2 protein chains.
Amino acid sequence: MNIKDIAKLSGVGVSTVSRVLNNHPDVKKETRDKVLEVIKECNYVPNNSARILKSNNMKHIGVLVKGIFNPFFSEMLKIIETGINDIGYTMILHHYDTNSLGGNEGEVLISFIKEKRLQGVICLGGNFSKIEEERFEEIEIPIVLTSVDSHMKINTKLFSRVCIDNKKAAYEATKYLIEKGHEHIAIMLGDEFDAGVSNRRVMGYMEALDEYHIPINKDYIVMGGYDFEPAYESAKKLLTASPEITVLFAISDIMAIGAGKAMSDLGFTVGKEISLLGFDGLNIGKYYTPALTTIEQPGKQMAEDCIDLLVQLIEEKEANQNIILETRLIERKSVCNFKG
Amino acid sequence: MNIKDIAKLSGVGVSTVSRVLNNHPDVKKETRDKVLEVIKECNYVPNNSARILKSNNMKHIGVLVKGIFNPFFSEMLKIIETGINDIGYTMILHHYDTNSLGGNEGEVLISFIKEKRLQGVICLGGNFSKIEEERFEEIEIPIVLTSVDSHMKINTKLFSRVCIDNKKAAYEATKYLIEKGHEHIAIMLGDEFDAGVSNRRVMGYMEALDEYHIPINKDYIVMGGYDFEPAYESAKKLLTASPEITVLFAISDIMAIGAGKAMSDLGFTVGKEISLLGFDGLNIGKYYTPALTTIEQPGKQMAEDCIDLLVQLIEEKEANQNIILETRLIERKSVCNFKG
DNA sequence: TTGTAGGCGTTATCAG
DNA sequence: CTGATAACGCCTACAA
């Protein structure tokens, strides 16, 4: 069932059908109605591939997500999707995991753009630092990177970025813990190969420690795999091996919750005998017991800024930008003062 | 940069390039290498739309999700994606929310299939009971519905289904609570218009109450909007208005957690002075404090069954089926006996 | 206001 | 083994 069939059935030419389909004004009402009727009767749906193939301004914005199952991304995605629809574009979501390819996110990005004929892209997460400039240059549409590592050499000729200062956020978080009297401060990162975000945050952690002349203990730096289970296991091992630890700074709320369970299982009351600090500001933290103290990333704002910026870029009203947003410490119940 | 350019640059015909692209064996090694080199040099990526337009067995399986942000679906999705890749297909994810259309999921489904030229579809959630048989009949590819309401008139001529018995699960859950000595049992549903799952579960709840001659109190049936915040508000209102309630059965773990917060805020210790029962068996429940007693849906199994069934269907080795899987009560710490 | 025809980038068929 | 060429379904000049 294609446009030709519809044309035949309605007794008109294909272009008329096409015009009806695309809401062109220059079709007589009768003709339009007749065609519409046939379309409905046949449950005809135009073939998208052919459409895209033909015209190349389909008002599609691509969203490339690394690890869609990260709840922080999910929350941002909701806002991004709404935003894209609001400005009259269609969102095309594509997600990938690192293991599904040779860590070459640049290739994924380029394929995505070419395949889908996108007018712009937002990348959520991922590590594009290894992509050669040359490759970026060949991309002719605007790109906005968000939630990527902020230390990456930024070239606003090539792309825009909306992010937080990961190092600073972790630095301030650690400082906060130190000022609460803690000295044995452990940090839980994502995974070893996550060159981006984890790396920046551990730098901030170390800097704060340094500033207060607290020696850095390698044993206090552990990996939690960005999920409940590995975080739980990792925390259990950590706290058993180093019982002097009084606070754990987990680099994501999910890991914090996993680690919190390990703490209770080990007999500690979180927020009283041991402290726990998260990162992200997920909704769940508010409803967790004890309510999770955490570093909030301005997810909503980041999402909105991405859309706003991208539209400006697509309409060529604006040059590439590097937007850095502020994080915020949300004090709830999971961090207490160290009572020496 | 298209296949023609590559052909010209490599000094071969388009068909040869196409053959290289598709790993056809009948190309001389030298030729292949030369073409490959040019492709790499030009960073050429074939146009997917054209590809799809042309051939119509692209080994694409569509996954149509209602509310991708439901964590239970996220967990299933992980497994589905892996499964689809394992059998050599590509997953195309499409999600929608009810508000984005006139509640007409059938149309979404049909458009999705036609646009993407799918070989099979898995629908996660949604309500397809209103879709006319006629429309289903016009679909020529296998469809597997999962996590949909199980009371829907099933026609295995038209589609397959993998689900749980929602009514029975809720019945048994309620019975469990009654046998724990509870009499004032409240239930929190998703939303009023969710004709499917919520509806079936409340039926099970009422049936159990009936069986034990416990009167049904309309005030005990509330809506929690499937999210923390509304569940929290709703629970707070409920427990303030009806303080005699000793247990709340929330129809999703997320709502249970939201409601749990309301309970603590009201001064109750969950699992001691008041009980809380969830539904889904999300990972988070295990790490929640107190560990959440819940009805586990066999998400992994459901996902795997969907894939297995769909492959059989696509390869025409099997007829449509209606698979009903067992739920399981996971007793943790959030439900206690009623001490009259 | 409507119809005809060419082309978008691929793949498949069929000669060579 | 390789190359021309005809589809695939749609959109859009251009012509009527």
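What you see is a predicted model; the values in this text were computed from it and never measured. Per chain, numbering begins at 1; letters A, B, ... match sequence-line order.
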In a table with atom names and distances, give each donor-acceptor pair under 3.5 Å that connects a side chain of residues 28-35 of chain B to protein atoms at least two apart or in another chain.
| residue | atom | partner | partner atom | Å |
| --- | --- | --- | --- | --- |
| B:K29 | NZ | B:D33 | OD2 | 2.7 |
| B:R32 | NH2 | B:H24 | O | 2.6 |

## Note on the structure
Rounded to whole Å, CZ of A:R51 lies from C1' of D:dC8 at a distance of 16 Å

### Interatomic distance, A:D305 atom CG to A:I79 atom CD1 [nearest 0.5 angstrom]
11.0 Å

### Query
Separation of B:N22 atom CG from C:dT13 atom P, in whole Å?
13 Å

### Task
Return the value, rounded to whole Å, for the distance between atom NZ of B:K54 and atom P of C:dG7.
17 Å

### Task
Taking only the side-chain heavy atoms of A:V27 (C-beta and beyond), determine which of C:dC14, C:dT10, C:dT2 contains the nearest atom.
C:dT2

### Task
Kindly compute the distance separating CG (B:L21) from CD1 (B:I3), expressed to the nearest 0.5 Å.
5.5 Å

#### Entry: B:S10 side chain to B:I6 backbone, donor-acceptor under 3.5 Å
yes

### Message
Quick check on the helix from C:dT1-D:dA16 to C:dG16-D:dC1: what's the angle between its two end axes, five base pairs per end, to the nearest 10°?
### Response
40°

### Task
Indicate yes or no: at least one non-hydrogen side-chain atom of B:I139 is less than 4.5 angstrom from one of B:L109.
yes

### Gap between atoms CD and C1', on A:E30 and C:dT1 respectively (whole Å)
12 Å

### Message
Rounded to whole Å, please give me the gap between CG in B:L53 and C1' in D:dC10.
### Response
8 Å

### Query
To the nearest angstrom, how far is B:I3 atom CD1 from C:dT11 atom C1'?
8 Å

### Query
Is any side-chain N or O of B:N2 closer than 4.0 Å to OP1 or OP2 of C:dC8?
no

### Query
For D:dC8, does either OP1 or OP2 sit under 4.0 Å from a side-chain N or O belonging to A:N47?
no

### Task
Take atom CD1 of A:I6 and atom P of C:dG3, then tell me their distance rounded to the nearest Å.
15 Å

### Message
Looking at B:T16, I'd like to know whether one of its side-chain N or O atoms comes within less than 4.0 Å of OP1 or OP2 on D:dG3.
### Response
yes

### Task
Measure from NE2 on A:H24 to P on C:dT1 and round the result to the nearest Å.
14 Å

### Task
Measure distances between side-chain N and O atoms of B:S15 and base N and O atoms of D:dA4, and say whether any donor-acceptor pair falls under 3.5 Å.
yes

#### Entry: Side-chain donor or acceptor of A:N2 paired with backbone N/O of A:D5 under 3.5 Å
yes

### Task
Pick base, sugar-phosphate or nothing for A:V14, based on heavy-atom distances below 4.0 Å to the nucleic acid.
base

### Task
Mark yes or no for whether B:T146, through its side chain, and B:V162, through its backbone, hold a donor-acceptor pair below 3.5 Å.
yes

### Message
By the 4.0 Å heavy-atom rule, please label B:D26 as base, sugar-phosphate, or nothing.
### Response
base

